Number of protein chains: 2
Amino acid sequence: MSRASDHAYTVIRGMILAGELPPGAQLSEEALALRCEVSRTPVRDALRRLESDLLIRRSESQRSFVADWSDDDIEDAFELRSMLEAQAARRAATRIAPAQLEALRHHNRLIGAAISGDRADIPAFLDNNRAFHEIILAAAGSSRLASLLTRLIEQPVVWRTAQNYDRENLQRSHREHEELIAAFARQDPAWAASIMAGHIRRAYYAYLDAYTAQRTAAE
Amino acid sequence: MSRASDHAYTVIRGMILAGELPPGAQLSEEALALRCEVSRTPVRDALRRLESDLLIRRSESQRSFVADWSDDDIEDAFELRSMLEAQAARRAATRIAPAQLEALRHHNRLIGAAISGDRADIPAFLDNNRAFHEIILAAAGSSRLASLLTRLIEQPVVWRTAQNYDRENLQRSHREHEELIAAFARQDPAWAASIMAGHIRRAYYAYLDAYTAQRTAAE
DNA sequence: GTGCAGCTTATTGTATACAAATAGCCCAGG
DNA sequence: CCTGGGCTATTTGTATACAATAAGCTGCAC
């Protein structure tokens with residue numbers, strides 16, 4: 001999209017994901033405009049998009065605040081994501097093209113490489129993991145489903161989950177991807193959907209463990 | 001929300017739903033601004049919202065067009081809606097308040113009245129039907145789910161479905177609502193979810209029948 | 001006749017000024 | 001000390017002008 005509006009979107013989103021703008025913080029269009037070195041117009045545009053991403057909520061008097069997530073909200077998001085990604089896998093199973101299947105294998109090989117060293121390469125893991133799931137979403141061939149799912153992925157909580165993955169979780173994720181590939185190779189919708197549902201569900205518990213551990217440590 | 005922006009949103013949305021702006025038609029911000037008697041700023045705002053509602057799609061050069069829906073798109077939308085509304089019913093079953101349950105009964109009584117006369121009162125049916133489903137969505141207590149579902153309901157295709165309902169379908173819809181109320185009264189998540197999934201699925205076939213009949217008649 | 005270059009025009013993006021609304025505060029009155 | 005009314009300052013909404021970009025067309029070369 002347009003330069004200034006995109007720039008504002010990226011900057012503000014980055015500030016929220018990095019925690020620079022903490023949950024509950026009020027966002028002033030003017031302040032953000034100064035920070036992004038653009039006028040309020042593209043900032044307003046960016047805020048609208050972020051609101052639709054559920055990264056921002058607006059008070060009834062239209063003031064914007066960084067969304068804060070209760071434990072229930074987080075469980076809720078994972079639950080929905082699990083349901084929708086399973087549906088994406090179900091659809092993709094019978095529609096996936098050979099080239100896409102090969103691309104899945106490629107990205108999972110890179111994931112395998114990223115987590116095999118002494119120190120796991122988390123950015124590489126995240127990148128290839130995202131690409132892996134995007135290919136499935138594309139293969140599902142449903143723009144509505146894609147539109148709904150992009151509102152649930154890459155949210156602060158989800159984004160930080162992998163940061164806290166331990167080696168065992170990373171390797172399990174890698175193996176589950178292998179199973180998904182097998183299900184796609186067999187074009188088995190039910191198999192693909194159930195693996196995917198479990199895959200996301202496990203990610204939730206991995207997040208939960210890391211998060212409660214963090215919280216316990218902070219006390 | 002604000003007056004001008006809301007007004008533009010309502011007017012443009014109305015024109016799309018009424019078919020005044022046919023699928024595929026290009027939307028010029030300036031033309032719409034004139035039509036709505038506001039400036040381009042609130043029109044831009046409205047277009048963004050309509051895009052997020054999937055009523056409008058934008059070309060890669062940011063021009064706006066009324067979304068057009070293939071048969072597959074429509075099936076897809078109903079499939080997702082069925083899944084998400086079932087999830088809403090599942091959650092609502094154990095969370096619904098007595099007052100909400102009573103409100104469901106109230107609206108379904110009104111639905112019963114609307115379809116009992118010689119000539120069914122379709123607007124009243126639609127109104128109370130919408131209210132009925134909104135109460136369930138509210139009782140589900142998931143803002144994410146609500147945000148996703150509002151993107152699927154009240155789209156042109158869905159909106160026109162009930163216009164084509166025959167008496168049998170209207171009465172069946174009324175009876176399914178009764179069953180939903182029973183499931184909520186028992187606080188049975190699985191029951192509520194399965195009734196709801198079937199309820200939406202049936203609406204899809206009702207639409208399909210009416211639509212194919214229309215198409216056959218046009219030939 | 002076809003294809004491409006360059007111009008013309010339509011359309012969207014951005015900045016800015018001003019209007020409207022609202023939230024927070026201060027002070028008066030009880 | 002608490003409460004409420006009204007003022008002020010902050011924030012968002014709208015209009016408008018101008019800039020940038022993309023689409024479509026015209027005419028020229030081959």
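In the text below, chain A, chain B and the rest are named by the order of the sequence lines, each starting its count at 1. Worth saying up front: this structure is predicted, and the values here are computed from it rather than measured.
- To the nearest angstrom, C1' of D/dG13 lies 16 Å from NE2 of B/His7.
- Within residues 30-44 of chain A, the residues approached by DNA chain D to less than 4.0 Å at the level of any non-hydrogen atom are A/Arg40, A/Arg44, in residue-number order.
- One can place CD of B/Glu29 at 15 Å from P of D/dA22, the figure rounded to the nearest angstrom.
- The CZ-P distance, from B/Arg63 to D/dA22, rounds to 8 Å in whole Å.
- Counted by atom type alone, A/His177 and A/His107 present zero donor-acceptor pairs between their side chains at under 3.5 Å.
- The shortest distance between the side-chain N/O atoms of B/Ser61 and the OP1/OP2 oxygens of C/dT11 is not below 4.0 Å.
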Report task. Check step by step if side chain to side chain donor-acceptor pair (under 3.5 Å) holds for A/Ser52 and B/Arg49. Result -> CA-CA 9 Å; A/Ser52 139; B/Arg49 278 196 270 168; over 6 Å; no

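- Ion pairing between A/Glu20 and A/Arg35 holds under the 4.0 Å rule for side-chain N and carboxylate O.
- Distance CG (A/Leu47) to C1' (D/dT11): 12 Å, rounded to an integer number of Å.
- Looking only at distances, a side-chain donor or acceptor of A/Thr10 sits under 3.5 Å from a matching main-chain atom of A/Asp6.
- A salt bridge is defined here as a Lys NZ or Arg NE, NH1 or NH2 lying under 4.0 Å from an Asp or Glu carboxylate O, and B/Arg130 with B/Asp127 meets this definition.
- Taking the side chain of B/Gln26 as heavy atoms from C-beta on, and the options D/dG13, C/dT11, C/dT14, the nearest nucleotide is C/dT11.
- Of the candidates C/dT12, D/dG13, D/dT14, C/dT12 carries the atom nearest the B/Ser28 side chain, counting heavy atoms from C-beta on.
- There is no side-chain donor-acceptor pair under 3.5 Å between A/Arg57 and A/Ser64.
- Computed from coordinates, the A/Asp45 CG to C/dT14 P distance equals 7 Å when rounded to whole Å.
- Put simply, CD on B/Gln62 is 16 Å from C1' on C/dA10, counting in whole angstrom units.
- Between the CD atom of A/Glu60 and the P atom of D/dT11 there is a distance of 18 Å, rounded to whole Å.
- Regarding A/Tyr9, its OH atom lies at a distance of 16 Å from the P atom of C/dG13, rounded to whole Å.
- Between the side chains of A/Arg202 and A/Asn169, at least one donor N or O lies within less than 3.5 Å of an accepting N or O.
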